[in-house]
Amino acid sequence: MTAPIPRDIPDLPAIPGKPALKPSPVPATAVVTPVRRPAAAVFRLLVTLAATVGVTLELLLGDPSRTLGYFAIQSNILLALVMAFSARRAWTASRPLPGSVLGATLLYVVIAALVHHLLLANEASPFSLTGEAAAAPTGWQAIAHHTLHTLTPIAAVLDWLLLTTPGRLHLRQASTWLLYPLAYLAFSLTRGELLLPGTPDRYLYPFLDVDQDGYKKVLGNALLLGLSFYALATLLVALDHARPNPLRHPWKTGFRL
């Protein structure tokens, strides 16, 4: 015979604390099938090629020690590397690069383009280039010039708008992105101090020319530019969350991670 079931079962004691869920061992690829994107890979390879050709031409046609000091050259080298890795991941259906990396790269090439077109090449700007630097480039120099200051920045923006998922940039990343422009400011001022007075292109940009304006004005220029760069980064983050998703296929069903 079995023992009778008691009418009153005492309440079990509550489990202290909130139970922690263990991480799922199932990878995302088991839920969402990886999709190769050959068109995106080809476009990014073309951007990589354009940036590489532009930088190479600049190095061959000028003094490499001076050419590598320009912000536009450095940002395009970074763009070439990031686009090459992004192309490989799109071709092999791997996870895309972190949004913070893509956002930083986009910001830097856009900064280089805006500084050139609005400040350096604009005759109405107080920082417009003068003398030989203001002469319009010709031949291979013109190809490299327009590639690095116009073509690759536009291509980077198109890649961001048409080939990436929105909402991957965050405002907390904007201040981190400014660390590189800040490091470039330190590099530019240190480089100018190490070169002898009177050296050509001792300061590569007019708004950072300590010989002409002194440290007080140069640091003021840097502060205004830094605030403008932060505003631009904030704008990119806002647009990234407001723009539509070009990769969404409403007719498909399934989980989205």
Separation of Leu178 CG from Phe229 CZ (nearest 0.5 Å): 8.5 Å
Using side chain to side chain donor-acceptor pair (under 3.5 Å), reason through Thr164 and Arg243 one step at a time and then give a plain yes or no. CA-CA 11 Å; Thr164 62; Arg243 65 188 178 94; 3.0 Å; yes
Quick check on the 6.0 Å ring-centre criterion: do Tyr70 and Tyr205 meet it? yes
Over all heavy atoms of both residues, which pair between His170 and Gly167 is shortest? Give the atoms and the distance, please. CE1-O, 3.8 Å
Flag the pair Tyr180 / Phe71 as yes when their ring centroid distance falls below 6.0 Å, and as no otherwise. yes
Please determine whether side chain to side chain contact (heavy atoms under 4.5 Å, CB included) holds for the pair Val109 and Thr152, giving the CA-CA distance in whole Å, both sets of side-chain angles, and the decisive distance to 0.1 Å. CA-CA 8 Å; Val109 293; Thr152 54; 5.6 Å; no
Does any non-hydrogen side-chain atom of Trp160 lie less than 4.5 Å from one of Thr105? no
Non-hydrogen atoms of Gly62 and Arg66 that approach each other most closely: CA-NH2, 4.5 Å
When rounded to the nearest 0.5 Å, the distance separating CG of Leu171 from NE2 of His241 is 8.5 Å
Does Leu97 share a hydrophobic cluster with Leu169, counting links as ILVMFWY side-chain heavy atoms below 4.5 Å and allowing steps through other members? yes
Do Val157 and Leu78 share a hydrophobic cluster, counting only Ile, Leu, Val, Met, Phe, Trp and Tyr and linking them when any side-chain heavy atoms are less than 4.5 Å apart? yes
Can you give me the closest heavy-atom contact between Ser86 and Arg44, atom names plus distance? O-NH1, 3.6 Å
Do Arg37 and Trp91 meet the cation-pi criteria used here (NZ or CZ under 6.0 Å from the six-membered ring centre, within 45° of the axis)? no
Please find the pair of heavy atoms, one from Pro244 and one from Pro166, that lie closest to each other, and give the distance. O-CG, 3.9 Å
Any link between Leu235 and Val110 through a network of hydrophobic side chains (Ile, Leu, Val, Met, Phe, Trp, Tyr) touching at under 4.5 Å? yes
What's the separation between atom CZ in Phe85 and atom OG1 in Thr48, rounded to the nearest 0.5 Å? 10.0 Å
Starting at OG1 of Thr199, measure out to CZ of Arg191 and round the result to the nearest 0.5 Å. 9.0 Å
Counting C-beta onward and ignoring hydrogens, is there a side-chain heavy-atom pair between Ile77 and Leu68 closer than 4.5 Å? yes
State, yes or no, whether a side-chain contact exists between Arg202 and Asp211 at a heavy-atom distance under 4.5 Å. yes
Find the distance between CG (Leu107) and CG (Leu114) and round it off to the nearest 0.5 Å. 9.5 Å
Going only through I, L, V, M, F, W and Y residues with side-chain contacts under 4.5 Å, is there a path from Leu118 to Tyr184? yes
Do Arg168 and Asp240 sit within salt-bridge range, that is, some charged N less than 4.0 Å from a carboxylate O? no
Would you say the side chain of His145 lies within less than 4.5 Å of the side chain of Leu57, judging by non-hydrogen atoms? no
Would you give the length of the straight line joining atom CZ of Arg172 to atom OG of Ser100, rounded to the nearest 0.5 angstrom? 9.0 Å
Any non-hydrogen side-chain atom of Leu163 less than 4.5 Å from a side-chain atom of Pro246? no
Using the rule that Ile, Leu, Val, Met, Phe, Trp and Tyr join whenever any side-chain heavy atoms are under 4.5 Å apart, tell me whether Leu61 and Leu148 fall into a single cluster. no
List the steps and the verdict of side chain to side chain donor-acceptor pair (under 3.5 Å) for Thr150 and His117. CA-CA 9 Å; Thr150 305; His117 290 288; 3.1 Å; yes
Compare all side-chain heavy atoms of Thr147 with those of Asn76 and state whether any distance is below 4.5 angstrom. no
Can you check whether Met83 reaches Leu45 side chain to side chain, under 4.5 Å on heavy atoms? no
Report the C-alpha distance between His146 and Leu151 in whole Å, list the side-chain angles of each, state the deciding distance to 0.1 Å, and finish with yes or no for side chain to side chain contact (heavy atoms under 4.5 Å, CB included). CA-CA 6 Å; His146 293 299; Leu151 179 61; over 6 Å; no
Is there a side-chain contact between Leu129 and Pro206 in this structure, where contact means two heavy atoms from C-beta onward sitting under 4.5 Å apart? yes
Sidechain-backbone polar pair: Asp209 side chain, Gln212 backbone, donor-acceptor under 3.5 Å: yes
Starting from the C-alpha separation in whole Å, work towards a yes-or-no answer on side chain to side chain contact (heavy atoms under 4.5 Å, CB included) for Glu58 and Gln141. CA-CA 7 Å; Glu58 289 284 1; Gln141 188 74 43; 3.0 Å; yes
Distance-only, no hydrogens or angles: does the Ser75 side chain make a donor-acceptor pair with backbone N or O of Ala72 under 3.5 Å? yes
Where Asn221 and Phe207 come nearest, the two heavy atoms and their spacing: ND2-O, 3.3 Å
Work out which heavy atom in Leu189 is nearest to a heavy atom in Leu208; give both atom names and the distance. CD2-O, 4.3 Å
Show your working on side chain to side chain contact (heavy atoms under 4.5 Å, CB included) between Asp159 and Val47 and close with a plain yes or no. CA-CA 9 Å; Asp159 177 83; Val47 178; 5.9 Å; no
Evaluation steps, side chain to side chain donor-acceptor pair (under 3.5 Å), between Ser128 and Asn122: CA-CA 6 Å; Ser128 60; Asn122 183 10; over 6 Å; no
